[in-house]
Amino acid sequence: MCDSCGCTVSPGNRKHAYMPVAGTTAVTVLKNLLAENDHAAAHNRAHFDRHGVLAVNLMSAPGSGKTALLEATIDALGQEFRIGVIEGDLETENDAARIRAKGVPAWQITTGTSCHLDAHMVHAALHAFPLAGLDILFIENVGNLVCPASFDLGQHRNVVLLSVPEGDDKPAKYPVMFRAAHLVLLTKSDLLPLLEDFDPVRAEAHLRDLASSVPLMTLSARTGEGLAAWCDWLRRELATHRARLGMAHAVAGCGVALAE
């Protein structure tokens, strides 16, 4: 966890990491970092709410198919909603380039040595992002099943991906991540016939053993299995979010659009 590896220090929170107080322990410093992160996350959430934007944080292990899921989602909902994406990786703009190729604004955060995004990083990205023109903002977190769950980014919903090649015991091994989920997606389901060791029933049992009652959907971005249910979940979450904000919106069919 970040409390032991020290990877909480980022360019945005560095000034809070080095307190000039003799004898201050590392534990105290890192708790202060998390408090500062929570403050920045509340600021981000206020930005999202002011514009009626639903912010969805995607978390998973590396290679679980987050970017492929976003590409398929843009193909399915790109004419219905205005979508933006903030990408997080240690290096490269590869994922942001894939999203931009779909005609959607994307901002890449390269974290260097940090294995997660934090609220300060997201806030810096928002300065360069057309938030006023969006309905849904996806935040694709750094591939990691540990640290990202500990950092509030200001998002409204956490979606955790568990891909078939990873094995069905990940909820048991990484309970903090799966307890933080508002929705769990079993991705790369097209590989189930090839990887018989993965049992979807056993994966759900591990999730329920955490006393989690969140929806679990099986999905393949390649074949489109489960994509309709995922899109319906997004529609419901956006409508609920905007109803909570008390904003006036036009609702046509299954779509939701800002009444601007």
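Of the possible donor and acceptor atoms, none in the side chain of Ser114 sits under 3.5 Å from a partner among the backbone N and O of Thr111. Checked by atom type and distance alone, the side chain of Asn44 pairs as donor or acceptor with a backbone atom of Leu153 at under 3.5 Å. Here the side chain of Thr73 pairs a donor or acceptor atom with the backbone of Leu69 at under 3.5 angstrom. The backbone N or O of Val201 sits nowhere less than 3.5 Å from a side-chain atom of Glu204 that would complete a donor-acceptor pair. Proximity of a side-chain donor or acceptor of Asn141 to a complementary backbone N or O of Pro148 within less than 3.5 Å is not detected. In this structure a side-chain-to-backbone donor-acceptor pair under 3.5 Å is present from Asn144 to Cys115. Although no hydrogens or angles enter the test, the distance criterion places a donor-acceptor pair under 3.5 Å between the side chain of His156 and the main chain of Ala55. Looking at Arg208, its side chain does come within 3.5 Å of a backbone N or O of Ser212 through a donor-acceptor pair. Formation of a donor-acceptor pair under 3.5 Å by the Asn37 side chain with backbone atoms of Asp118 is not found in this model. The backbone N or O of Glu71 sits nowhere less than 3.5 Å from a side-chain atom of Arg98 that would complete a donor-acceptor pair.
Between Ala229 and Met217 the shortest heavy-atom distance is O-CE, 3.7 Å. A pairwise comparison of heavy atoms in Ser163 and Gly63 identifies OG-O, 4.5 Å as the closest pair. Residues Val164 and Phe198 come closest through the heavy atom pair O-CD1, 3.2 Å. Across every non-hydrogen atom of Pro215 and Leu183, the tightest pair is O-CD1, 3.4 Å.
Ring to ring, His43 and His47 are close: their centroids are under 6.0 angstrom apart.
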Quiz item: What's the verdict on side-chain contact (heavy atoms from CB on, under 4.5 Å) for Asn57 and Met59, showing C-alpha distance, side-chain angles and the deciding distance?
Solution: CA-CA 6 Å; Asn57 182 27; Met59 299 186 289; 3.4 Å; yes
Quiz item: Should Leu145 and Glu166 be marked as a side-chain contact (heavy atoms from CB on, under 4.5 Å) after you check the CA-CA gap, both sets of side-chain angles, and the distance that decides it?
Solution: CA-CA 11 Å; Leu145 279 175; Glu166 293 174 62; 3.9 Å; yes
Practice problem: May I have the step-by-step check of side-chain contact (heavy atoms from CB on, under 4.5 Å) for Thr92 and Thr110, ending in yes or no? | Solution: CA-CA 7 Å; Thr92 84; Thr110 52; over 6 Å; no
Exercise. Go through Trp107 and Ile109 one step at a time and tell me if the side-chain contact (heavy atoms from CB on, under 4.5 Å) criterion holds.
Key: CA-CA 7 Å; Trp107 185 264; Ile109 299 172; 4.1 Å; yes
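Open room surrounds CZ on Arg222; 12 or fewer heavy atoms of other groups in view lie less than 6.0 Å from it.
For residues 181-198, the side-chain hydrogen bond (donor to acceptor under 3.5 Å, both in side chains) pairs, not counting sequence neighbours, are Ser189-Glu225, Asp190-Ser220.
Taking OG1 from Thr67 and CZ from Phe138, the interatomic distance works out to 12.0 Å, rounded to the nearest 0.5 Å. The distance from the OG1 atom of Thr218 to the CG atom of Leu186 is 4.5 Å, given to the nearest 0.5 Å. Taking CH2 of Trp233 as the reference point, atom CG of Leu238 lies at 11.0 Å (rounded to 0.5 Å). The distance from the OG atom of Ser60 to the NZ atom of Lys170 is 12.0 Å, given to the nearest 0.5 Å. Interatomic distance, CZ of Arg100 versus CD of Glu87, reported as 9.0 Å (0.5 Å rounding). Rounding to the nearest 0.5 Å places CD of Glu140 at 7.0 Å from CD1 of Ile99.
For Arg244 and Asp49, the salt-bridge test passes: some basic side-chain N is under 4.0 Å from an acidic carboxylate O. Taking a cutoff of 4.0 Å between a charged side-chain nitrogen and a carboxylate oxygen, Asp209 and Arg202 do not qualify as a salt bridge. Ion pairing between a basic and an acidic side chain is recognised when a charged N comes within 4.0 Å of a carboxylate O; Asp95 and Lys66 show no such pairing.
By the 4.5 Å heavy-atom criterion applied to side chains, Leu191 and Pro165 are counted as neighbours. Using a 4.5 Å heavy-atom threshold, the side chains of Phe48 and Gln155 count as separate.
Of the N and O atoms on the side chains of Glu237 and Thr240, not one donor lies less than 3.5 Å from an acceptor on the other residue.
Using the six-membered ring where Trp is involved, Phe151 and His116 have ring planes that are parallel, under 30° apart on the 30 and 60° scheme.
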